[in-house]
J.: 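Have a look at the structure that comes next, please.
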Amino acid sequence: MTPRAALVPLSLAIALASNAQHNQKVRDFVQRFYDWYTPIASGHDKIIASDYVIEQKSSLFTSRLLRALKDDSQAEANDKSGYTVGLDFDPFMASQDPDKHYKVGGIRTKGHAFWLDLHRVVSGKIDAEVVVIAEVIQTRGQYQFADFFYPRPPGQDLLTVLKRLKKDREGRHH
């Protein structure tokens with residue numbers, strides 16, 4: 001084997017090890033968020049958990065997602081109609097009645113983003129169904145949530161839902 005040929009497997013091994021380490025870091029980021037957030041979402045009726053998280057941990061979200069979440073929250077707070085004009089479910093758990101624990105499952109990359117599957121933990125067992133897919137990107141060395149995808153119904157994601165709700169609100173005012 002030539003010296004140059006010997007370098008190819010070595011560089012591939014280094015790249016794979018680096019990728020595995022990066023995947024573990026992003027997995028830890030998402031799991032820490034859910035470990036912190038789940039008790040808030042499932043235990044407090046007096047606060048809207050998603051509002052609390054955007055106040056307390058805004059740096060965890062891309063500016064685009066944070067702006068859309070804040071706009072939706074503000075519209076809901078300002079509405080006097082008595083109807084829900086914003087999100088009517090927990091955007092990070094895709095549920096109106098969140099479970100007590102969530103676990104990160106599969107992870108894959110799409111371009112520069114990481115997509116992480118989240119599963120409910122029911123009676124100590126990880127449920128097979130993926131309830132949310134968190135899209136995470138790295139910005140200036142920090143991980144941030146860029147979007148949340150909902151397998152049911154297929155094709156739904158938080159940014160699209162927020163955009164549709166905003167369009168619906170604007171349509172009511174005209």
Side-chain angles (χ1 to χ4, degrees), residues 12-44 47-74 86-122 125-166:
L12 181 60
I14 291 169
L16 290 174
S18 175
N19 193 39
Q21 185 179 35
H22 206 53
N23 282 355
Q24 188 59 50
K25 286 180 181 180
V26 74
R27 178 184 300 279
D28 291 346
F29 165 79
V30 173
Q31 190 64 58
R32 275 193 310 273
F33 170 77
Y34 277 88
D35 290 347
W36 172 81
Y37 180 72
T38 303
I40 294 165
S42 61
H44 300 287
I47 62 169
I48 298 170
S50 58
D51 286 352
Y52 182 77
V53 78
I54 61 177
E55 284 177 22
Q56 298 297 314
K57 304 266 187 179
S58 61
S59 65
L60 298 181
F61 303 96
T62 62
S63 59
R64 179 179 178 208
L65 181 56
L66 183 63
R67 186 173 34 260
L69 286 164
K70 284 182 174 181
D71 287 351
D72 186 79
S73 177
Q74 192 65 44
L87 292 172
D88 64 350
F89 66 96
D90 186 291
F92 313 123
M93 297 177 172
S95 173
Q96 290 179 330
D97 299 309
D99 286 282
K100 300 282 186 213
H101 189 65
Y102 289 77
K103 185 79 175 161
V104 175
I107 181 172
R108 60 204 164 281
T109 56
K110 290 194 175 194
H112 295 292
F114 297 90
W115 287 37
L116 294 93
D117 297 336
L118 283 129
H119 302 266
R120 296 180 321 216
V121 177
V122 181
K125 295 186 189 228
I126 299 172
D127 189 56
E129 179 183 8
V130 174
V131 293
V132 177
I133 301 166
E135 179 183 17
V136 176
I137 62 170
Q138 193 171 22
T139 307
R140 294 183 297 280
Q142 300 295 317
Y143 293 115
Q144 292 183 309
F145 291 105
D147 204 353
F148 293 83
F149 291 82
Y150 311 120
R152 293 200 175 162
Q156 291 283 354
D157 68 278
L158 180 54
L159 283 171
T160 301
V161 169
L162 292 169
K163 187 176 180 181
R164 186 181 68 242
L165 288 168
K166 182 176 183 176

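Sequential numbering from 1 along the given sequence is applied to the chain's residues. Side-chain atoms are counted along with the backbone in the values below, which use heavy atoms only and exclude waters and symmetry mates.
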J.: Walk me through whether His119 and Val130 qualify under side chain to side chain contact (heavy atoms under 4.5 Å, CB included).
T.: CA-CA 5 Å; His119 302 266; Val130 174; 3.5 Å; yes
J.: Closest heavy-atom contact between Pro91 and Leu69?
T.: CG-CD2, 4.5 Å
J.: Between atom CG of Leu159 and atom CD of Glu135, what is the distance when rounded to the nearest 0.5 Å?
T.: 8.0 Å
J.: Show the nearest heavy-atom pair for residues Ile54 and Phe61, with the distance to one decimal.
T.: CG2-CE1, 4.3 Å
J.: Report yes or no: does Asp127 contribute a side-chain atom to a donor-acceptor pair with the main-chain N or O of Arg120 at less than 3.5 Å?
T.: no
J.: Between Phe114 and Tyr143, what is the ring plane arrangement, given parallel below 30°, perpendicular above 60°, and tilted in between?
T.: perpendicular
J.: Charged N to carboxylate O below 4.0 Å: is that the case for Asp117 and Arg108?
T.: yes
J.: Can you tell me how far apart NE2 (His112) and CD1 (Ile137) are? Round to the nearest 0.5 Å.
T.: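 Result: 10.5 Å between the selected atoms.
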J.: For residues Gln144 and Thr139, report the shortest heavy-atom separation together with the two atoms involved.
T.: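 Residues Gln144 and Thr139, closest heavy atoms: OE1-OG1, 3.2 Å.
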J.: Return the minimal non-hydrogen interatomic distance between Tyr150 and Asp157, and the atom names on each side.
T.: CE1-C, 3.8 Å
J.: In terms of heavy-atom contacts, does CZ of Arg164 have more than 12 from other residues, nucleotides or ligands at under 6.0 Å?
T.: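 Atom CZ in Arg164 is crowded, with more than 12 foreign heavy atoms closer than 6.0 Å.
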J.: Does a side-chain heavy-atom distance below 4.5 Å link Gln142 with Leu60?
T.: no
J.: To the nearest 0.5 angstrom, please state how far the CD atom of Gln24 sits from the CD atom of Gln31.
T.: 10.0 Å
J.: How far apart are the C-alpha atoms of Tyr37 and Asp90, what are their side-chain angles, what is the distance that settles it, and do they pass the side chain to side chain contact (heavy atoms under 4.5 Å, CB included) test?
T.: CA-CA 11 Å; Tyr37 180 72; Asp90 186 291; 2.5 Å; yes
J.: Do Leu165 and Asp72 have side chains that get closer than 4.5 Å, going by heavy atoms?
T.: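 Yes, at least one pair of side-chain atoms sits under 4.5 Å.
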J.: Give, for atom CG of Asp147 and atom CG of Leu158, the distance between the pair rounded to the nearest 0.5 Å.
T.: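 That separation rounds to 6.0 Å.
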J.: Is there a donor-acceptor pair closer than 3.5 Å between any side-chain N or O of Tyr34 and the backbone N or O of Met93?
T.: no
J.: Verify side chain to side chain contact (heavy atoms under 4.5 Å, CB included) between Leu118 and Val104, making sure each step is shown before the conclusion.
T.: CA-CA 5 Å; Leu118 283 129; Val104 175; 4.1 Å; yes
J.: Taking all heavy atoms of Ile126 and all of Lys103, pick out the closest pair and write down the distance.
T.: CD1-CG, 3.7 Å
J.: If you compare all heavy atoms of Phe145 against all heavy atoms of Ala134, which two are closest, and at what distance to 0.1 Å?
T.: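 Looking at all heavy atoms of both residues, the shortest contact is CE2-CB, 3.9 Å.
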J.: Could you tell me if the side chain of Gln138 sits less than 4.5 Å from the side chain of Val26, heavy atoms only?
T.: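 Not touching, per the 4.5 Å side-chain cut-off.
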J.: Side chain to side chain contact (heavy atoms under 4.5 Å, CB included), that's the test. Do Leu162 and Asp71 meet it? Break it down for me.
T.: CA-CA 9 Å; Leu162 292 169; Asp71 287 351; over 6 Å; no
J.: Specify whether Phe33 and Phe148 have parallel, tilted or perpendicular ring planes, treating 30° as the upper limit for parallel and 60° as the lower limit for perpendicular.
T.: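 Phe33 and Phe148: tilted rings.
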J.: Measure the OG1-CG distance between Thr38 and Asp99 for me, rounded to the nearest 0.5 Å.
T.: 9.0 Å
